[in-house]
Amino acid sequence: MTDLIKYTAAETASAIAKGEVSAVEVAQAHLDRINAVDKKVNAFLHVDSEGALAAARKVDDKRAKGEQLSPLAGVPLALKDVFTTKGIPTTCGSKMLEGWIPPYDATLTRRLKDADVVILGKTNMDEFAMGSSTENSAYGPTGNPWDLTRIPGGSGGGSAAALAAFEAPLAIGTDTGGSIRQPGAVTGTVGVKPTYGSVSRYGLVAFSSSLDQGGPCARTVLDAALLHEAIAGHDPLDSTSIDAPVPAVVEAAKMRDIRGMRIGIVKEFAGEGYQAGVMQRFNESVELLRELGAEVVEVSCPSFTLALPAYYLIAPSECSSNLARFDAMRYGLRVGDDGTRSAEQVTALTREAGFGDEVKRRIILGTYALSSGYYDAYYGSAQKVRTLISRDFDAAFAGVDVLISPTTPTTAFPIGERADDPMAMYLADLCTIPSNLAGNAAMSLPCGLAPEDNLPVGLQIIAPAMADDRLYRVGGAVEAALNDKWGHTLLEEAPAL
Amino acid sequence: MSLVSYEEALASYDPVMGLEVHVELGTKTKMFCGCSTELGAEPNSQTCPTCLGLPGSLPVVNAVGVESAIRIGLALNCEIAEWCRFARKNYFYPDMPKNFQTSQYDEPIAFNGYLDVQLEDGEVFRVEIERAHMEEDTGKSTHIGGATGRIHGAEYSLLDYNRAGIPLIEIVTKPIEGAGHRAPEVAKAYVAELRELIKALGVSEARMDKGQMRCDVNLSLRPNGTEKFGTRSETKNVNSLRSVERAARFEIMRHATVLTDGGTIIQETRHFHEEDGSTTSGRIKDNAEDYRYFPEPDLVPVAPAREWVEELRAGLPELPRVRRARLQAEWGLNDQDMQSVLNAGAVESISETIAAGAPADQARKWWMGELARRANETGTELSEQPITPAQVARVCALVAEGKLNDKLARQVIEGVLAGEGEPDQVVEKRGLAVVSDDSALGAAVDQAIADNPDVAAKIRDGKVQAVGALVGAVMKATRGQADAAKVKDLILEKLA
């Protein structure tokens, strides 16, 4: 039975469809695994055993009746605790929402249920998705299954760790500045930030509305593609949702042929601050791409050096407004309501007690950046930088099909190392942020272990908006070639938990 | 504090006004979600994740709301933005679910317009429009336990979010200058004209008493002959036409009193008090209040196609001022008579009575005479009288058919107003039909001739004008129910 947790999503779905295994057996195997290892990993904030088994039984019933099963029917999934789930707690990793039971499903949740995906539970995250290590969760940090004393990335560290710990073959993350890709990179898993607007944000508790994007996390490129197809597509409930067909990502993941593709290396993403082992694996990946028949060139995107400061004005500005609703009036935490205090005082006490330091830091930063007299200098300038970054991407994509870079400058750092140094923490997202600002598509996939620490290194692939299929085409080919070279998947080198 | 008189105030100061009117649109659903906008439902029954601002919820723009905003803009002679965005106005208040209001800031859907308003003496004053923009209403707080019904001193507050998210159009004037002593009148006339316009467009019932239309009166004074605006006060939520006028008038006197005394006006909001027409201090507003506006990232820009805007322009209904001019011509009234009709608020009633078949002069006679008098005596609106235009038209028809005379018609109207039913029922119940039965009348005429032999003699001698006395006698004998013309004919016939 332990084998079941090693199956890819594609293998699991196929085994269930063929009747080789029941969906209930698959769900139970994963629940058992969670039960066995999650005390150490702390990937899950809430495990919904009952709901998972009920969903699995439904799949088995459908199959028994001979009904057509969807491509991911019966496959277990770990859902980042930032998407609303009707009747199931949704905390966003914050004390502020402790005990809140949403009365509605996010569009993404609804689509997963409609696809008969078995939702195992909700995963840990940096509070309100603000962070790069999952240390900002109000419910304790998540450990990286490669080394439990190290961070699993963030904000979606719980989802990535659940994959790497074989607690689920699929997971959902959200990527505002790299929160899918950076955890993917440091845990040796695959993470995709789809084009902004291709996965509905309805029911995704907003951190930064113009940057947030839900996306698939998996252990293989094909699994990510299958999940991508299940969750993407136009949603009338999200005004920023793109009304266009989803690119054929599954087909692209299966192509394994990148001959003739033009690939650009982003020159700016190298140099000081980049770990030697990370650059070594990245450079090997470049060679591999050449061997596979792609033409690799160097491109310059000079505005990318401004991306980090622009991001730390735009995201906090939007979050300062998005998080204003947590006022103790209608739901969530309420502190100090003893009958003597005004609503205003209760709101203030609740926000003081309910938000963690990083969230407060960003609310204060954003409130300041939007203030009259500072708006043009901060928020206004940041929006201009955003335009420049988009132009850099446009110019680059005029000459190449995709761009590549390391996903993160370093491998997983020890828990606590950067906790008191926000600037060092922010650097973890240096390479991922430009894609959020431009709204295009990007993927991280494992490209080896850094020799100096034996920890996973991520390769980032970036494609133009609505060309998400290119990520899967390149990613699928690289993954296949690397697995051939290694003779196994990278995660098989991870230590046993 | 005793106030300087209105005349004294105007002798030294020149008022500058700005009027901000919020109109609740009559769309079926809210501005950013599918919840019903029906008034009077159980508190919090018309809510969803979006209008409750639940975590994760998102807004979707109501297309009818945008269309209504454009039509209002066009009717106000505004330019319509080719591209505009919503913006978030950030501030904390418990009745605002997201603690920001989705509104528009520097990119309103409509801007640079004007509305011509007619004052009571017929003079036309042009009020320039700065902008009209779309936004959402807040929820409603009810403060319990305090003396004033305001939050200060209340024990607790109840929140109803049924109103949260109802589409609002905020219409803001440019500074209204040069109205002088007529400023309060201009304010009232502007709001009245705007209300007519909104009703004509069919985008809202614009009932001020139901909060569907709310007015803020911003006012400042400057010494006569100077240019620079003084510090303004903002009197919030003035909710009737009369109150708009009173609030402006009171603020003129209050400002003048403070300024004359060597004091300074504090920039603040003011509450208007219906009972005595005064205003009291609300909250200080010293420009330090920072709403941290920024473009709403959850919504895409609104970019109305020019063809659509032109289509909407072409589809605008006849606007109130144009309609009034047409009606004046149709009814054959001079400016002065038309103005009295307008001042009495009788246009709709008369127009509907005519539509129900009454001749214009008759319709006007009843509404401007009997009914206007009654409205005046009872301090009610003409349109609120318990008689419908159709009922008035029926009375006119009965008169035209000779079944009623003027005096009887008046009694029928009285009966309808007293709740005795339809005009025909009143006629029957009160026995008010004109006596036209020749034999019954003949007897009354004979009796009158017999009772007044000297008058009869004069008539026989050719002094026909004396017939009036005999007609009067017959009318008295028949308690007014005879047809006077017929009585006259009968008398002359008998004495020929």
Side-chain angles (χ1 to χ4, degrees), chain A residues 82-84 90 92 96-97 100 102-107 128 197 200-206 208-212 235-241 314 317-318 320-332 339 342-344 346-348 366-373 375 379-380 383, chain B residues 32-34 44 47-63 85-102 105-106 139 141 143 151-157 159 161 164 287-302:
Chain A
V82 73
F83 282 98
T84 60
T90 299
C92 299
M96 191 59 100
L97 281 177
W100 182 56
Y104 76 108
D105 272 332
T107 296
F128 288 109
S200 171
R201 290 188 298 113
Y202 187 77
L204 190 183
V205 181
S208 179
S209 311
S210 73
L211 300 166
D212 295 342
D235 177 14
L237 295 178
D238 175 358
S239 305
T240 60
S241 168
I314 292 168
S317 293
E318 292 182 6
S320 72
S321 174
N322 283 331
L323 270 60
R325 71 190 63 202
F326 300 106
D327 61 2
M329 290 298 125
R330 292 164 299 278
Y331 45 78
S342 69
E344 202 171 37
V346 170
T347 296
T367 303
Y368 185 76
L370 288 176
S371 296
S372 160
Y375 179 93
Y379 187 78
Q383 292 293 359
Chain B
F32 299 115
C33 65
N44 297 309
T47 55
C48 72
T50 294
C51 60
L52 283 178
L54 293 189
S57 62
L58 292 174
V60 175
V61 173
N62 182 335
R85 288 180 292 189
F86 285 93
R88 291 186 183 181
K89 180 180 183 181
N90 294 286
Y91 65 99
F92 280 86
Y93 202 79
D95 64 16
M96 199 164 51
K98 300 170 299 208
N99 287 314
F100 63 78
Q101 182 187 28
T102 307
Y105 181 48
D106 49 0
S141 306
H143 306 297
I151 193 165
H152 186 75
E155 274 176 49
Y156 61 95
S157 303
L159 295 166
Y161 294 103
N287 282 344
E289 198 163 13
D290 185 352
Y291 293 118
R292 305 190 315 280
Y293 281 101
F294 73 104
E296 166 59 277
D298 284 330
L299 291 170
V300 289
V302 176

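This structure is a prediction, so every number in the text was calculated from the model and none was measured. Here is the naming used below: chain letters follow the sequence lines, and residue numbers restart at 1 for every chain.
For a residue to count as touching a neighbouring chain, one of its non-hydrogen atoms must lie under 4.5 Å from one of that chain's; by this rule A:P236 touches chain B with the backbone only. For A:L97, the part lying near chain B is the side chain, with the backbone staying farther off; criterion is any non-hydrogen pair under 4.5 Å. Contacts between A:Y375 and chain B at a heavy-atom distance below 4.5 Å involve the side chain alone, from C-beta outward. For a residue to count as touching a neighbouring chain, one of its non-hydrogen atoms must lie under 4.5 Å from one of that chain's; by this rule A:S200 does not touch chain B. Interface residue A:A343: only side-chain heavy atoms are found under 4.5 Å from chain B. Contacts between B:D298 and chain A at a heavy-atom distance below 4.5 Å involve backbone atoms as well as side-chain atoms. With a threshold of 4.5 angstrom between heavy atoms, A:D212 does not approach chain B through any atom at all.
Residues A:Y202 and B:T50 meet the side-chain proximity criterion, which asks for heavy atoms closer than 4.5 Å. Between B:C48 and A:Y104, the closest side-chain pair of non-hydrogen atoms is not below 4.5 Å. The side-chain heavy atoms of B:F294 and A:E318, taken from C-beta on, include a pair separated by under 4.5 Å. A heavy-atom distance below 4.5 Å is not found between the side chains of A:F128 and B:P55. The closest side-chain heavy-atom distance from A:S209 to B:R88 is below 4.5 Å.
Here B:N44 contributes atom CG and A:R330 contributes atom CZ; the two are 10.5 Å apart, rounded to the nearest 0.5 Å. Atom CG of A:N322 and atom CG of B:N90 lie 9.5 Å apart (nearest 0.5 Å). Atom CG of residue A:D238 and atom CG of residue B:L299 lie 9.5 Å apart, to the nearest 0.5 angstrom. Between the OG1 atom of A:T240 and the CG atom of B:L58 there is a distance of 7.0 Å, given to the nearest 0.5 Å. Distance check: A:D327 CG to B:M96 CE gives 9.5 Å after rounding to the nearest 0.5 Å.
Listed here is the closest heavy atom pair of B:F92 and A:A324: CE2-O, 3.3 Å. Summarising the geometry of B:F100 relative to A:S321, their closest heavy-atom pair is CD2-OG, 3.3 Å, with the distance given to 0.1 Å. The nearest pair of heavy atoms linking A:L237 to B:V60 is O-CG2, 3.6 Å.
Counting heavy-atom pairs closer than 4.5 Å to chain A, the top residue among B:Y293, B:Y91, B:Y161 is B:Y161. Taking chain A as the reference chain and counting heavy-atom pairs below 4.5 Å, the highest number among B:A154, B:P94, B:P97, B:S57 is found for B:P97.
Between the A:R325 side chain and the B:L54 main chain, a donor and an acceptor come within less than 3.5 Å of each other. At distances below 3.5 Å, at least one donor-acceptor pair connects side-chain atoms of B:D290 with backbone N or O atoms of A:S372.
Under the side-chain contact (heavy atoms from CB on, under 4.5 Å) criterion, A:A328 pairs with A:R334, A:V346, A:T350, sequence neighbours left out. Take B:S141 and apply the side-chain contact (heavy atoms from CB on, under 4.5 Å) test, not counting sequence neighbours, and it matches B:Y93, B:D95, B:H143, B:L159.
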